Structure formats: C-alpha cells, structure tokens
Amino acid sequence: MDTAALQGLLKDLPLGPLRFYDRLGSTNDEAARWAEAGAPDLSLVVADEQTAGRGRLRRRWYTPPGSALAFSLVLRPESSGSGPEVQPILRAPGSFPEEEKDLSKLPSKFLPRLTALGALAVCTALRESYRLSPQIKWPNDVLVGRQKLAGVLAEATWGGERLDAVILGIGVNVAPPSVPPEAEVATPATFVEAVLGRPVDRWNLLRSTLAALLSWRSRLASPEFWQAWEDSLAFRGETVYLQVEGQAPLEGQVLGLDQEGALRLRLPTGEVTTLQIGEVRLRPVDSPPRSTKLDRER
Ligand code: BT5
C-alpha cells in the first residue's frame with residue numbers, strides 16, 4: 001500500500017487529504033502534528049506499522065506490520081472565528097442544547113461521543129461487511145465474542161482556550177500477528193480473521209469503516225446515534241469490576257448510558273452512579289485483574 005493507491009481506494013469518500021506511512025510512531029501523534037500545521041477537517045493518517053501506538057492513559061497499543069489497521073482522522077470544529085465560540089464539532093442536523101455549544105469548556109461532553117463514533121464505525125463495518133456481532137466495551141473497545149478486536153482513542157488539541165481539533169484514532173486487529181501475546185493484554189484479544197475463519201482485505205475494511213464513520217458523523221446528535229451506541233453496549237445487566245485511576249476497584253451492574261454517554265451503574269449499595277470517560281477501566285467479574293507487560297513497559 002502507498003498514499004496514491006489508498007487515495008484511489010478511498011476516492012469515493014468525502015475525506016480530506018491522506019498520508020500513508022509504512023512505519024510511524026503513532027498515527028494520533030502524526031495527525032496532531034498535521035492538524036497543528038493546518039490539516040483540514042477529515043484529513044487521514046494511516047500506518048501499516050506503529051512503533052509507539054498509544055491507548056488511553058499512556059498505555060501501549062500494539063500494531064506490528066502487515067496485519068492491522070491503524071489510522072487517525074483530524075476532526076475540526078466548525079469554528080465561527082476566534083475565542084471560545086466553538087461550534088459543535090458535530091456537523092449534525094439536530095443541534096445540541098445551548099449549554100453544550102461551548103465545547104471548549106466541556107470536553108467531557110463531546111469526547112465520549114466522538115470515541116463512540118469511532119467504535120460504532122468499526123461495529124457497523126464489521127456487521128455490514130462480515131455479519132459479525134460486535135459490541136462496545138465502554139468507553140472505547142470493540143469486542144467480538146467478549147474479546148477485544150479494536151480500540152479507539154479520541155484526543156483534543158487546543159489552541160489556548162480554543163478547541164482546535166479532535167484526533168480520532170482507531171486500531172483494528174485483522175490478521176494473526178496483530179494480536180499481542182496473551183500475557184501482555186488486560187482484555188483477551190482477537191482479530192477479524194480469527195472470528196471470520198477466512199482472510200480479510202484490510203484496506204476494504206478500512207474503506208467500509210471510514211464510510212460508516214462519515215455516515216454516523218452526520219447523525220452524531222441524533223437519537224438514532226445514541227440508540228445505536230446504547231444497543232451496542234457490552235456487559236449490559238452484568239456485574240463488572242471498575243478500576244478508577246488511583247482508587248480501589250469498584251463493582252457495579254452496567255445499566256446503560258446517560259444522555260451524554262457516561263456509563264450508568266448500580267453499585268452494590270443500590271446507589272446508581274455515572275462514570276465519565278477517561279477515568280475508568282472496566283472488566284467482567286469472571287476475568288481476573290492483570291498487570292500487563294505492555295502497561296509495565298510505559
Ligand atoms: C485503546 O486503549 O484501546 C485505544 C487504542 C487506540 C489505538 C489507535 S491505533 C491508531 C491510533 N494511533 C495511536 O497511537 N493510537 C490509536 P486502551 O483502552 O487504553 O487499551 C490499551 C490496552 O489494550 C493495552 O494496555 C493492552 O492491554 C491492550 N492492547 C494493546 N494492543 C492491543 C491490540 N493490538 N489488541 C488488543 N489489545 C491490545
């Protein structure tokens with residue numbers, strides 16, 4: 001694959017410019033640098049291999065060559081000039097409530113939704129192209145058969161007070177080498193070819209994921225988007241362990257999402273609580289906690 005071939009493959013999609021790399025540290029870092037240098041909305045960075053791929057909270061994301069998808073999109077808010085008047089990054093027909101319009105002040109309101117945009121795009125592509133039944137492990141993992149097949153990392157970049165761009169990074173395991181050794185991952189991992197039992201063209205999967213992403217993006221503020229997100233939620237009704245950074249693990253029953261995409265949980269005390277993205281790590285109660293090599297290497 002190269003930039004020109006990828007441009008040909010994706011020519012029907014209304015994307016911005018794209019850059020393909022055989023090997024890169026992290027596509028999110030490269031997209032952020034490009035955004036800073038003025039990359040327009042929907043610019044795309046794709047790498048065959050990442051040597052410093054990142055997950056949340058500086059965890060590592062494993063992308064060996066020739067076997068996975070690793071890509072990042074630059075999403076620009078529709079800015080109406082300078083200052084904190086940042087219009088929703090969400091070019092959606094339905095508008096957001098007034099208090100949500102100043103996204104620069106409320107990253108917690110839109111990052112979960114954009115993370116879900118990435119995860120839903122992967123789910124839709126897997127469902128429509130391969131008839132798989134993926135689920136979203138809140139907030140950012142895509143599971144098939146309760147094993148992790150993809151991860152999403154949405155990061156905001158700021159120009160002072162102003163939201164400059166959101167970098168939406170997606171990694172999908174496609175062929176066998178893409179899966180880290182079992183001892184190195186916190187959630188059991190899998191790859192598309194394992195669940196399908198046949199070879200898969202990575203670049204066609206990239207195309208259908210981007211097509212799904214563009215389609216969902218135009219409906220980000222719609223009830224349909226929220227419903228699809230909620231319907232895809234893994235472990236609903238089940239009791240899970242939650243590791244909130246810096247605190248003792250919690251146990252809670254997954255109830256669903258609130259309107260902003262925070263996770264609603266019932267605690268053993270009966271109290272219902274919500275958790276925001278970024279602060280928590282979730283696992284089912286039947287899977288023991290692990291300290292992973294990838295995590296320790298950071
Ligand atoms: C994620 O973080 O799942 C977000 C991953 C986002 C990766 C994309 S690739 C393109 C773009 N460029 C980047 O640098 N990043 C994005 P988190 O929920 O924190 O999960 C990270 C954990 O997943 C690690 O600590 C490992 O336990 C596990 N892991 C690492 N690589 C994996 C893989 N290929 N498949 C399954 N699990 C993996």
Side-chain angles (χ1 to χ4, degrees), residues 19-21 23-35 44-75 111-112 114-119 121-122 134 136-155 157 166-195 202 205-206 209-210 213 234 242-243 245 263 277-283 287-298:
R19 292 177 178 174
F20 175 85
Y21 298 84
R23 175 190 255 203
L24 201 57
S26 154
T27 56
N28 263 38
D29 291 344
E30 183 60 26
R33 277 192 292 271
W34 195 10
L44 173 66
V45 175
V46 182
D48 182 53
E49 175 187 6
Q50 292 187 117
T51 54
R54 287 186 288 112
R56 290 177 306 140
L57 307 170
R58 303 188 58 79
R59 294 194 280 256
R60 272 189 60 180
W61 183 259
Y62 185 77
T63 314
S67 60
L69 289 177
F71 61 98
S72 301
L73 278 166
V74 176
L75 304 179
L111 279 183
L114 293 175
T115 303
L117 171 65
V122 175
I136 299 175
K137 181 179 141 212
W138 188 92
N140 69 322
D141 293 346
V142 175
L143 309 182
V144 175
R146 297 171 81 96
Q147 296 186 308
K148 182 161 172 174
L149 179 143
V152 178
L153 180 67
E155 296 177 304
T157 67
V166 169
I167 309 300
L168 182 59
I170 302 181
V172 186
N173 299 335
V174 181
S178 61
V179 171
E182 206 190 322
E184 299 190 11
V185 292
T187 301
T190 191
F191 54 98
V192 182
E193 292 183 353
V195 289
R202 270 190 295 162
L205 177 59
L206 174 65
T209 303
L210 288 167
L213 195 147
L242 298 137
Q243 180 68 61
E245 279 300 295
L263 187 69
I277 197 166
E279 63 185 23
V280 73
R281 189 166 188 169
L282 175 158
R283 66 187 162 80
S287 121
R290 289 191 196 152
S291 162
T292 73
K293 183 159 174 280
L294 284 179
D295 294 339
R296 286 196 303 269
E297 279 171 359
R298 294 304 302 189

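None of these values were measured; they are calculated from a predicted model. All ligand and atom numbering here is 1-based and tracks the order in the structure.
- Considering Arg54, Gln50, Lys137 only, the shortest heavy-atom separation from atom 12 (N) of ligand 1 involves Gln50.
- At under 3.5 Å, not a single nitrogen or oxygen of Thr187, backbone or side chain, sits near a nitrogen or oxygen of ligand 1.
- With contacts defined as side-chain heavy-atom distances shorter than 4.5 Å, the pair Pro188/Arg146 does not qualify.
- Contact atoms of ligand 1 toward Ser72: 11 (C) (distance under 4.0 Å to a heavy atom of the residue).
- Which parts of ligand 1 touch Gly171 is read off a 4.0 Å heavy-atom cut-off, strictly below it: atoms 8 (C), 9 (S).
- For ligand 1, the atoms lying closer than 4.0 Å to a non-hydrogen atom of Asn173 are 33 (C), 34 (N), 35 (N), 36 (C).
- Using a 4.5 Å heavy-atom cutoff, the side chains of Thr190 and Asn173 are not in contact.
- Heavy-atom contacts of Asp141 reach the following atoms of ligand 1: 3 (O), 18 (O) (cutoff under 4.0 Å).
- Side chains of Tyr62 and Glu184: no donor on one and acceptor on the other come within 3.5 Å.
- Applying the 4.0 Å criterion to heavy atoms of Gly53 picks out, from ligand 1, the atoms 14 (O).
- At least one N/O-N/O distance between Thr27 and ligand 1 falls below 3.5 Å.
- When non-hydrogen atoms are compared, ligand 1 lies under 4.0 Å from the side chain of Arg59 (C-beta onward) but not from its backbone.
- Those atoms of ligand 1 with a heavy atom of Val152 less than 4.0 angstrom away are 4 (C).
- With a 4.5 Å cut-off on side-chain heavy atoms, Ile170 and Leu69 do not count as touching.
- Counting heavy atoms from C-beta outward, Phe20 and Asp48 have side chains that approach closer than 4.5 Å.
- Between atom 33 (C) of ligand 1 and the options Pro180, Gly169, Ala154, Ala52, the minimum heavy-atom separation is to Pro180.
- Residue Arg60 touches ligand 1 through its backbone alone, judged by heavy-atom distances below 4.0 Å.
- Nearest heavy-atom pair across Pro180 and Val185 is CG-CG1, 3.4 Å.
- Within the set Pro188, Gly55, Pro64, Ser178, the minimum heavy-atom distance to atom 2 (O) of ligand 1 is found for Gly55.
- Against a heavy-atom cut-off of under 4.0 Å, Ala189 is close to the following atoms of ligand 1: 36 (C).
- Not a single donor-acceptor pair under 3.5 Å links the side chain of Arg19 to the backbone N or O of Val45.
- Near Phe71, the atoms of ligand 1 lying under 4.0 angstrom from a non-hydrogen atom of the residue are 10 (C).
- Residue Ser72 comes nearest to Ala31 through the heavy atom pair CB-CB, 3.8 Å, listed as atom of the first residue, atom of the second, then distance.
- Here the side chain of Asn140 pairs no donor or acceptor atom with the backbone of Leu153 at under 3.5 angstrom.
- Residue Ala186 has at least one N or O atom closer than 3.5 Å to an N or O atom of ligand 1.
- Between Asp141 and Arg56 no salt bridge is recorded (no basic side-chain N to carboxylate O distance below 4.0 Å).
- Under a 4.0 Å heavy-atom criterion, Val179 is not in contact with ligand 1.
- Every heavy atom of Leu57 sits 4.0 Å or more from the atoms of ligand 1.
- Rounding to the nearest 0.5 Å gives a distance of 10.5 Å between CD of Glu30 and CD1 of Ile167.
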